[in-house]
Amino acid sequence: MSEVRRRIREALANLDREGLLEALREALGSGVDVDAIVFEDMSWAMDEIGRRFETGEYFLADLLYAAEIFKEAMRILEPYMARKHSDRRSRGVVVLGTVKGDIHDIGKSLVATLLRLRGFQVIDLGVDVPPEKFVEAAKKHKPLIVGLSALLTTAIPSVRETIAKLREAGVPARIIVGGAALSEKTAKEVGADLYAENAVQAVKIVEKTMRGG
Ligand code: B1M
């Protein structure tokens with residue numbers, strides 16, 4: 001891995017805002033792939049921050065600050081993502097949200113950003129979204145896909161309940177789930193149709209599903 005990518009990882013993991021922004025500008029200037037920065041380096045750093053939180057080295061305030069720095073970095077990176085991923089075709093509606101009991105929004109927002117860049121109309125319901133709100137939005141906007149994000153293992157019952165309520169209400173949309181709390185296996189167990197490990201994969205799967213795949 002290049003020296004500048006290592007600096008991106010270390011700066012974010014160490015909550016060094018200035019160091020991160022400087023390394024990002026340098027990396028972008030030297031042609032480092034924006035997806036590698038977001039989905040490998042910055043995601044690695046967020047996992048590392050989670051590990052430091054688990055061992056007691058970081059506190060809740062540090063996680064909040066990490067999220068703030070991540071979002072600031074995204075404002076620099078988004079134009080580069082737009083250049084790489086943009087596709088102006090209009091492709092239909094996706095309803096998206098983080099399930100009830102879970103307020104993590106970075107991964108879900110990355111999925112929303114990429115889907116919008118690819119021409120989807122995204123109805124982003126935000127975080128801590130109760131099942132009823134997903135059902136209401138699905139009935140109103142008639143999406144082909146509903147996406148649920150969950151990072152907390154304690155939110156898995158919310159994912160299951162949301163999917164059950166969508167099915168009970170007769171919503172015909174395919175349901176995709178993702179987020180650190182879920183895996184291919186748990187996705188099946190909670191009754192989802194589709195699972196994606198990261199935002200790029202989520203968009204590929206949604207596009208394939210929209211094409212009837
Ligand atoms: Co929290 N948190 N957090 N946290 N947090 C985790 C998730 C945790 C793993 C940290 C740890 O202990 N190692 C842990 C969960 C443990 C578990 O359940 N197994 C945890 C905990 C415990 C908590 C609290 C309970 C802490 C407390 O209060 N004591 C609390 C819960 C609050 C709540 O939700 N009710 C809490 C709070 C917070 C903050 C609010 C402070 C903050 C979030 C701020 C925000 O989002 N605006 C925060 C943060 C920052 C984290 C970590 C460090 C980073 C999360 C993140 O943004 N990652 C996280 C550690 C970790 O995840 N390893 C942690 C970067 C992001 C790009 O990745 O969101 O995974 P991610 O999204 C990826 C994929 O998962 C996927 O694509 C994305 C991009 O590729 N993906 C999808 C996500 N959604 C998808 C949907 C799809 C498809 C793919 O289709 C629809």
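All ligand and atom numbering here is 1-based and tracks the order in the structure. What you see is a predicted model; the values in this text were computed from it and never measured.
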Close approach of D128 to ligand 1, heavy atoms, under 4.0 angstrom: no
Exceeds 12 heavy-atom contacts within 6.0 angstrom, atom NZ of K84: yes
Shortest protein heavy-atom distance from atom 18 (O) of ligand 1, along with the residue and atom involved: T153 N, 2.9 Å
Main-chain N/O of I175 paired with D193 side-chain donor or acceptor, under 3.5 Å: yes
Closest protein heavy atom to atom 75 (O) of ligand 1, given as residue, atom name and distance to 0.1 Å: G179 CA, 3.2 Å
Shortest protein heavy-atom distance from atom 68 (O) of ligand 1, along with the residue and atom involved: G107 CA, 4.4 Å
N or O contact, A199 vs ligand 1, cut-off under 3.5 Å: yes
D102, V38, D105: member with heavy atom nearest to atom 47 (N) of ligand 1: D105
N/O donor-acceptor pair under 3.5 Å between T186 side chain and L182 backbone: no
R52 side chain vs A13 backbone, donor-acceptor pair below 3.5 Å: yes
D102 side chain vs T98 backbone, donor-acceptor pair below 3.5 Å: no
4.0 Å protein heavy-atom contact status of atom 49 (C) of ligand 1, strictly under: yes
Side-chain donor/acceptor of N198 to backbone N/O of V200, under 3.5 Å: yes
For atom 27 (C) of ligand 1, closest protein heavy-atom neighbour: L60 CD1, 3.7 Å
Any non-hydrogen protein atom less than 4.0 Å away from atom 59 (C) of ligand 1: no
Side-chain donor or acceptor of S149 paired with backbone N/O of G97 under 3.5 Å: no
Backbone of V122 reached by a side-chain donor or acceptor of R116 within 3.5 Å: yes
Close approach, A66 and ligand 1, non-hydrogen under 4.0 angstrom: no
Per-atom contacts, ligand 1 versus E54 - under 4.0 Å to a heavy atom: 11 (C), 12 (O), 13 (N)
Reference residue Y195; test side-chain contact (heavy atoms from CB on, under 4.5 Å); the match among V177, I205, I176: V177
NZ/NE/NH1/NH2 to OD/OE distance under 4.0 Å, R51 and E48: yes
Test item: S30 side-chain N/O and A27 main-chain N/O as donor-acceptor pair under 3.5 Å: yes
Nearest protein heavy atom with distance in Å, relative to atom 74 (C) of ligand 1: E197 O, 3.5 Å
Ligand 1-proximal atoms of L110, by part, heavy-atom distance under 4.0 Å: side chain
Numbered atoms and elements of ligand 1 in range of F39, under 4.0 angstrom, heavy atoms: 79 (C), 80 (O)
Minimal non-hydrogen separation, A169 against V135, with atom names: CB-CG1, 3.6 Å
Those atoms of ligand 1 less than 4.0 Å from some heavy atom in D47: 61 (C), 62 (O), 63 (N)
Which of the ligand 1 atoms, numbered from 1, are nearer than 4.0 Å to a heavy atom of N198: 76 (C), 77 (O), 80 (O)
Identity of the N, O or S atom of H104 lying closest to atom 1 (Co) of ligand 1: NE2
Passing option when E26 is tested against R7, R5, R6 for salt bridge (charged side-chain N to carboxylate O under 4.0 Å, His left out): R7
Identity of the nearest option to atom 40 (C) of ligand 1, non-hydrogen atoms only, from L12, I103, T154, L152: I103
Contact with ligand 1 for M42, non-hydrogen, under 4.0 angstrom: no
Worked verdict on K133 versus D128 for salt bridge (Lys or Arg N to Asp or Glu O under 4.0 Å): CA-CA 10 Å; K133 207 167 158 197; D128 193 17; over 6 Å; no
Ligand 1 atoms in contact with I106 (distance to a heavy atom under 4.0 Å): 46 (O), 57 (O), 66 (C), 67 (C)
Heavy-atom nearest option to atom 85 (C) of ligand 1, drawn from G97, A45, G178: G178
Heavy atoms from other residues, nucleotides or ligands near CD of E197 exceed 12 (cutoff 6.0 Å): no
Closest protein heavy atom (residue, atom, distance) for atom 55 (C) of ligand 1: L151 CD2, 3.7 Å
4.0 Å heavy-atom contact, Q201 with ligand 1: no
For G147, atoms of ligand 1 separated by under 4.0 Å from a heavy atom: 91 (C)
Interfacing atoms of ligand 1 (cut-off 4.0 Å, heavy-atom, A67): 44 (C), 45 (C), 47 (N)
Within 45° cone of F120 ring axis and under 6.0 Å: R118 NZ or CZ: no
Nearest protein heavy atom with distance in Å, relative to atom 41 (C) of ligand 1: L63 CB, 3.5 Å
Selection from G101, A196, A202, A187 by shortest heavy-atom distance to atom 35 (N) of ligand 1: G101
Atom 53 (C) of ligand 1: nearest protein contact (heavy atom, Å): M46 O, 3.6 Å
Donor-acceptor contact below 3.5 Å, side chain N14 vs main chain A11: no
Atoms in ligand 1 flagged as close to A180, the criterion being non-hydrogen separation under 4.0 Å: 75 (O)
From I156, V111, L148 - option closest to atom 91 (C) of ligand 1 by heavy atom: L148
